[in-house]
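One structure is given below, encoded as structure tokens.
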Amino acid sequence: MKPVAVFVGPPGSGKSTVGAALAERLGLPFRDTDADIAALAGKPIPEIFIDHGEEHFRALEREAVAAALGGHHGVVSLGGGAVLAAETRELLRGHRVVFLNVGLSEAVKRVGLGGGRPLLEMNPRATLKLLMDQRLPLYEEVAAFAVDTDEREPALIVDELMARLGGVPVFVPVGGAAEYDAVVGHGLARGVTPYLKGAAKAAILHAAPMSEAAAELAAIVAEAGARPYLIEVPDAEAGKTVAVAEACWERLGAAGFTRTDVVLGIGGGAVTDLAGYVAACWLRGVRVVQIPTSLLGMVDAAVGGKTGVNTSAGKNLVGAFHPPAAVLCDLGFLATLPAADLAAGLAEVVKCGFIADAEILRRVESDPKAALDPESVLLADIATRAIRVKAEVVTEDLRETGRRAFLNYGHTFAHAIEKIEDYRWRHGDAVAVGMMYAAHLGRLTGRVDVVDRTRAVLTSLGLPVSYPGGRWDELLGAMRVDKKSVGATMRFVLLEDIGRPALVSDVTEEQMRAAYAAVEG
Ligand SMILES: NC(=O)c1ccc[n+]([C@@H]2O[C@H](COP(=O)([O-])OP(=O)(O)OC[C@H]3O[C@@H](n4cnc5c(N)ncnc54)[C@H](O)[C@@H]3O)[C@@H](O)[C@H]2O)c1
Ligand SMILES: O=C(O)C(=O)C[C@@H](O)[C@H](O)[C@H](O)COP(=O)(O)O
């Protein structure tokens, strides 16, 4: 749980007023850390200063801020001096921090004769000037952006904040060595601003179908003070090649991209895989922010740091683990996603149901039509659940030394289809058939039998459940170079039960062939 916005700024900047007004607009709770401190100490702040001194107050403040940042899904406003603590500034990293700015004269007018602010009881103008000179650089350091409040009604400031923060998102935390959030909501493009901090340039990788969205993103980037570079790449799998990646690197080189600059991937999973790979290799790793626009990109490709391209040797065989700085899953993009691509994304959602969260399966089975409706609450709900499944797994095992392999359920056969079909199949369609293949392998090897349930749920979503016959040798050849293979031993992810996957190496070639016969169309 994380605040939607955190306000910092000098006394009189309106942190409490604007914070409360924003929280009300969002229908979320507001929390003021000064009020928390007074409650914690059991006395008003001026009395804490008189009885125990400023140092004691600052210690209470550090505690109150840490508690609010760690456990409040709403709006938080911090006391004017909270940023003085290096520990607090560090804690603020990764939060959506807004600096409410105010001119000295306006601040003096607003604070009047101190109004319960112990440091401003004597000569407020001179003291405020001193505080502002000292703290302004710190506010700028921690904040994603500043908003001027002079002579502006709180309601107008809230309008600006709503636009710049981009709606009320759900934050799904992804842990591990590099922590970040997958943010799920509507109107999130503006939410990119905090993740551009420190970047002078931003490369926006996109394919033709998302040109308009990429141009809008470029305008947001420019407004945030960075120079946008629009880089259009071939659509879908045609863009996931070393040659396209190289062309992107040439563009970064020509633009003089340094380590503080940022790559933004806006598009389906193919674009986010490519953008991640371009960022992973440029200067041996620069920041990438993923803005997936397909369902599959949101629930799978953009989350988890697997990046890469295809080669003639196989699918995703060249790549790097390079976690993004953030993933912004704007569900509004799904409105224009072709229906077949939405269904393909649902294959990965269903996969999460089989390997980890059976509630996903139940919800899809209860209303497959709603699952296929880009505007339904059910789709938003199961997509968020699937993102949570993925986030939890990659938090524990980024580099696929163990549990992460479970996310590959159905993928051994799926990647083989994609390869022999020269990447003309939708990935999600291939995964659907791959899950049928894995279900048959499970049945043939005496594990849980999910063949009928798999067929029923995939069919209800219009996904393929068979693959035309006559190509076993090619498929087997492609499956042998699967990343899960250990030497000559092929390994498959099969289900011991729903929600209980296992990586197994006991499947005989005869069983593999028999499972193929069962999915032959
Ligand atoms: N890195 C990972 O962990 C991971 C996980 C799963 C899949 N993947 C990869 O993701 C790729 C598949 O992703 P995909 O299914 O998104 O396919 P895709 O990227 O090819 O996108 C499908 C099509 O939809 C278009 N599109 C995307 N968003 C749109 C929108 N909002 N409106 C209109 N058109 C839109 C795309 O331009 C494309 O034409 C595969 O390459 C797969 O290997 C990677
Ligand atoms: O993130 C993972 O790990 C996965 O296995 C997720 C898969 O759904 C995805 O298709 C991924 O691209 C496959 O990774 P790969 O390493 O098998 O290419």
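One-based numbering, in listed order, for ligands and for the atoms of each.
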request  = Answer yes or no: is there a side-chain heavy-atom contact under 4.5 Å between Val309 and Leu274?
outcome  = yes

request  = Determine, considering heavy atoms only, which of Asn408, Leu337, Thr272 sits nearest to atom 35 (C) of ligand 1.
outcome  = Leu337

ask   = So which protein heavy atom does atom 21 (O) of ligand 1 come closest to, and at what separation?
value = Gly268 CA, 4.0 Å

key: atom 8 (O) of ligand 2 - nearest protein heavy atom and its distance   = Asp300 OD2, 2.5 Å

ask   = Are any non-hydrogen side-chain atoms of Val303 and Asp300 less than 4.5 angstrom apart?
value = no

ask   = Can you tell which of Leu296, Leu407, Asp235, Val299 gets a heavy atom nearest to atom 12 (C) of ligand 1?
value = Leu296

remark   = If you scan protein heavy atoms around atom 27 (C) of ligand 1, the nearest is Thr293 OG1, 3.4 Å

request  = Among all protein heavy atoms, pick out the one at the shortest distance from atom 16 (O) of ligand 2; state its residue, atom name and that distance to 0.1 Å.
outcome  = Lys306 NZ, 2.7 Å

message = Geometry only, no angles: is Phe333 polar-contacting ligand 1 at N/O separations under 3.5 Å?
response = yes

remark   = Nearest non-hydrogen protein atom to atom 9 (C) of ligand 2, with distance, is His411 NE2, 3.6 Å

query = Hey, what's the ring geometry for Phe257 with Tyr229, parallel, tilted or perpendicular (30° and 60° as the breaks)?
reply = perpendicular

remark   = For atom 8 (N) of ligand 1, the closest protein heavy atom turns out to be Ala301 CB, 3.5 Å

ask   = Counting distance only, does the side-chain N/O of Arg404 pair as donor-acceptor with the main-chain N or O of Leu398 below 3.5 Å?
value = yes

request  = Please write down residue, atom name and distance for the protein heavy atom closest to atom 17 (O) of ligand 1.
outcome  = Gly269 N, 4.2 Å

ask   = Is the closest heavy-atom distance from Lys484 to ligand 2 below 4.0 Å?
value = no

remark   = Only one of Leu475, Thr412, Val507, Leu444 passes side chain to side chain contact (heavy atoms under 4.5 Å, CB included) with Met512, and that residue is Val507

ask   = In terms of residue, atom name and distance, what is the protein heavy atom nearest to atom 22 (C) of ligand 1?
value = Asp341 OD1, 3.4 Å

ask   = Is it true that Arg453 and Glu365 have a side-chain N and a carboxylate O under 4.0 angstrom from each other?
value = yes

query = By number and element, which atoms of ligand 2 are closer than 4.0 Å to a non-hydrogen atom of His415?
reply = 13 (C), 15 (P), 17 (O), 18 (O)

message = Return the closest protein heavy atom for atom 15 (P) of ligand 2 as residue, atom name and distance.
response = Lys483 NZ, 3.2 Å

request  = Could you see which bit of Ala302 sits under 4.0 Å from ligand 1, with heavy atoms only: side chain, backbone, both or neither?
outcome  = neither

ask   = Do Val433 and Leu458 come close enough that some side-chain heavy atom pair is under 4.5 Å?
value = no

query = Can you find a non-hydrogen atom of Ala208 under 4.0 Å from ligand 1?
reply = no

task = Answer whether the closest heavy-atom distance between the side chains of Leu205 and Ile266 falls below 4.5 Å.
result = no

query = What is the closest protein heavy atom to atom 4 (C) of ligand 2, and at what distance does it sit?
reply = Leu407 CB, 3.6 Å

ask   = In terms of atom number and element, which parts of ligand 2 are under 4.0 angstrom from non-hydrogen atoms of Glu348?
value = 8 (O), 10 (O)

query = Can a salt bridge be assigned to the pair Arg93 and Glu179 using a cut-off of 4.0 Å between side-chain N and carboxylate O?
reply = no

ask   = Which residue and non-hydrogen atom of the protein lie closest to atom 33 (C) of ligand 1, and at what distance in Å?
value = Thr336 O, 3.2 Å

query = Would you call Glu418 a ligand 1 contact, heavy-atom distance under 4.0 Å?
reply = no

task = Would you indicate which of Arg404, His427, Lys351 comes nearest to atom 2 (C) of ligand 2 when only heavy atoms are counted?
result = Arg404

message = Checking Arg363 against Glu359 for the salt bridge (Lys or Arg N to Asp or Glu O under 4.0 Å) test, could you report, in this order, the C-alpha distance in whole Å, the side-chain angles of both residues, the deciding distance, and whether it holds?
response = CA-CA 6 Å; Arg363 290 189 192 187; Glu359 187 54 32; 2.9 Å; yes

remark   = among protein heavy atoms, the one nearest atom 16 (O) of ligand 1 is Ser294 OG, 2.5 Å

ask   = Taking the inter-plane angle between the rings of Tyr467 and Phe413 on a 0 to 90° scale, is it parallel (under 30°), tilted (30 to 60°) or perpendicular (over 60°)?
value = perpendicular

request  = Below 4.0 angstrom from a heavy atom of Lys315, which ligand 1 atoms are there? Numbered from 1 as shown, please.
outcome  = 40 (C), 41 (O), 42 (C), 43 (O)

task = Give a yes/no on ligand 1: does Lys390 have at least one heavy atom closer than 4.0 angstrom to it?
result = yes

request  = Output yes when a side-chain donor or acceptor of Lys197 lies under 3.5 Å from a complementary backbone atom of Ala143, and no otherwise.
outcome  = yes

note = At under 4.0 Å between heavy atoms, what of Lys240 touches ligand 1? The answer is side chain

message = If you take the nearest heavy atom of each of Glu237, His411, Lys306, His415, which one is closest to atom 41 (O) of ligand 1?
response = Glu237

key: Gap separating the CG atom of Asp482 from the CE atom of Met479, nearest 0.5 angstrom   = 9.0 Å

query = With no hydrogens and no angle check, is any side-chain donor or acceptor of Asp449 less than 3.5 Å from a backbone partner on Val451?
reply = yes

Salt bridge present between Lys315 and Glu237 (N-O < 4.0 angstrom) = yes

key: Shortest protein heavy-atom distance from atom 13 (C) of ligand 2, along with the residue and atom involved   = Asn408 ND2, 3.6 Å

task = Please identify which atoms of ligand 2 are closer than 4.0 Å to at least one heavy atom of Lys390.
result = 1 (O), 2 (C), 6 (C)

Residue and atom name of the nearest protein heavy atom (relative to atom 9 (C) of ligand 1), distance in Å to one decimal = Asp273 OD2, 3.4 Å

request  = Output yes when the distance from some N or O of ligand 1 to some N or O of Ala236 is under 3.5 Å, and no in every other case.
outcome  = no

query = Identify the closest protein heavy atom to atom 12 (O) of ligand 2: which residue and atom is it, and at what distance?
reply = Asn316 ND2, 3.4 Å

query = Do NZ/NE/NH1/NH2 and the carboxylate oxygens of Arg25 and Asp159 come within less than 4.0 Å?
reply = yes

ask   = For the side chain of Lys484 and the backbone of Ala405, is there at least one donor-acceptor N/O pair under 3.5 Å apart?
value = no

